[in-house]
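Predicted model only: the values in this text are computed from it and were never measured. Protein chains get the first letters and strands the later ones, always in sequence-line order, with residue 1 at the start of each.
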Amino acid sequence: MIAAPDRTPLSRDFFDRPVLDVAPDLLGRVLVRRTPDGPIELRLTEVEAYDGANDPGSHAYRGRTARNSVMFGQPGHVYVYFTYGMWHCMNLVCGEEGRASGVLLRAGEITEGAELARERRLSARNDKELAKGPARLATALGVDRSLNGTDACAGPDSPLTVLQGTPTPADQVRNGPRTGVSGPGGVHPWRFWIPNDPTVSPYRPHTPRRRT
DNA sequence: TATAGGATTCTCT
DNA sequence: GAGAATCCTATAC
């Protein structure tokens, strides 16, 4: 018998730790997105760590800007950015305030509100693809820049909360190179996932884009 | 099934 | 003006 996931929100202290401790510990946790149409819940299966100013792959590497200012704030908040002209991706800020570390949420399994997620992800061929990839995850949950800076530890009044869920034992977590990160930052094996989970996104090395 | 290339707009240099 | 923590579709095999 598998114990039901713990529905207690994660505390600020959970996120106020080194990003490489927080990232693997997020696997199996439950993200709750409350929308006017109803809640959507997602069990995290894949994340990536970004270590602020020390990490060439991080948006915060070149210092604080208007775009990344949330990353420099209090841990436990949500950093949402817009990329490639059409997609949003979301991070959870962690580590001490000012360090600008964060965990990119790359993939997960929709465990509640799949109908609402399907309406947003019409191109998904099956439910495993609803949140298979960081931009797909944000799309399925209806996350955009309006949620940038949301406190994910605030409890049921917040549009976005992370619950204790069912943490994945450390010896069952796999790690490897981060996806799509160019330059020296790409070498860090800071991508963490639950092995053999069908919702984990395929690894894609960084490919430079050409303009026409 | 694998791979290549286009889409589209924000952000920073 | 260049590049971006990506995704989707068409094409080739």
Side-chain angles (χ1 to χ4, degrees), chain A residues 15 19-20 22-24 26-27 31 42 44-73 77-95 99-108 110 117-149 152 160 174-193 198-212:
Chain A
F15 293 100
V19 66
L20 293 181
V22 175
L26 277 169
L27 297 174
L31 193 63
L42 172 138
L44 290 168
T45 60
E46 183 188 357
V47 299
E48 277 180 6
Y50 288 86
D51 192 17
N54 301 318
D55 181 0
S58 170
H59 285 177
Y61 182 58
R62 295 176 191 280
R64 185 175 189 147
T65 65
R67 181 203 205 190
N68 65 23
S69 62
V70 170
M71 286 191 81
F72 288 80
H77 286 239
V78 180
Y79 165 50
V80 181
Y81 67 89
F82 182 72
T83 190
Y84 288 101
M86 40 187 140
W87 307 110
H88 291 93
C89 298
M90 62 183 295
N91 293 247
L92 292 169
V93 178
C94 56
R99 188 177 178 87
S101 299
V103 178
L104 171 69
L105 308 184
R106 288 198 58 87
I110 303 286
R118 285 189 207 108
E119 288 174 13
R120 295 189 173 88
R121 291 272 302 118
L122 296 176
S123 64
R125 286 166 292 189
N126 57 59
D127 284 3
K128 301 300 181 191
E129 289 190 356
L130 286 174
K132 192 175 188 171
R136 292 168 171 178
L137 184 151
T139 302
L141 297 181
V143 168
D144 59 24
R145 289 298 303 274
S146 69
L147 291 176
N148 190 36
L160 201 63
R174 295 290 175 271
N175 69 300
R178 291 180 297 188
T179 303
V181 177
S182 60
V187 302
H188 295 305
W190 290 350
R191 173 175 171 246
F192 301 91
W193 69 93
T199 62
V200 173
S201 63
Y203 173 69
R204 270 191 292 241
H206 177 78
T207 50
R209 298 171 64 254
R210 283 199 300 270
R211 296 178 80 85
T212 54

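The nucleotide B:dC12 finds its pairing partner in C:dG1, both defining distances of the Watson-Crick or G-U wobble pair being shorter than 3.5 Å.
Between the side chains of A:Arg67 and A:Ser69, no donor-acceptor pair of N or O atoms lies under 3.5 Å.
When all heavy atoms are compared, the tightest approach of A:Gly133 to A:Ser201 is N-CB, 3.9 Å. Here the shortest heavy-atom pairing between A:Gly102 and A:Asn91 reads C-OD1, 4.4 Å.
With rounding to whole Å, A:His88 atom NE2 is found 12 Å from B:dT9 atom P. Taking atom OH on A:Tyr84 and atom P on C:dA2, their separation rounds to 16 Å, with Å as the unit. Protein atom CZ of A:Arg67 is 9 Å distant from nucleotide atom C1' of C:dA5, rounded to whole Å. Atom CZ of A:Arg178 and atom P of C:dA5 are 11 Å apart (whole Å). The separation between A:Phe82 atom CZ and C:dG3 atom C1' is 14 Å, rounded to whole Å. Rounded to a whole Å, the CG atom of A:Leu104 is 11 Å from the C1' atom of C:dT6. Counting to the nearest Å, the P atom of B:dC12 and the OH atom of A:Tyr61 are 17 Å from each other.
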Between the protein and nucleotides 7-10 of chain C, which nitrogen or oxygen pairs come in under 3.5 angstrom?
| unit_1 | atom_1 | unit_2 | atom_2 | d |
| --- | --- | --- | --- | --- |
| C:dC7 | OP1 | A:Pro134 | N | 3.3 |
| C:dC7 | OP1 | A:Ala135 | N | 3.1 |
| C:dC7 | OP1 | A:Arg136 | N | 3.3 |
| C:dC7 | OP2 | A:Arg204 | NH2 | 3.1 |
| C:dC8 | OP1 | A:Arg121 | NH1 | 2.8 |
| C:dC8 | OP1 | A:Ser123 | OG | 2.7 |
| C:dC8 | OP2 | A:Arg136 | NE | 2.8 |
| C:dC8 | OP2 | A:Arg136 | NH2 | 2.5 |

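Proximity of A:Trp190 to A:Leu20: side-chain heavy atoms (C-beta onward) are separated by under 4.5 Å at one or more points. Considering only heavy atoms from C-beta on, A:Phe15 comes within 4.5 Å of A:Leu26 through its side chain. The shortest side-chain heavy-atom distance between A:Met90 and A:Leu31 falls under the 4.5 Å cut-off.
Contacts of A:Arg62 with the nucleic acid, taken as non-hydrogen atoms under 4.0 Å apart, involve only primed sugar atoms and P, OP1 or OP2. Note on A:Arg145: only backbone sugar-phosphate atoms sit closer than 4.0 angstrom, heavy atoms only; bases stay farther off.
You won't find any donor-acceptor pair under 3.5 Å spanning the side chain of A:Tyr81 and the base of C:dA4, going by distance alone.
Among residues at least two apart or in separate chains, side chain to side chain donor-acceptor pair (under 3.5 Å) pairs with a member in residues 137-149 of chain A are A:Asp144-A:Ser146.
Nearest-nucleotide positions on DNA chain B for A:Ala66 and A:Gly85 put A:Gly85 closer to the 5' end.
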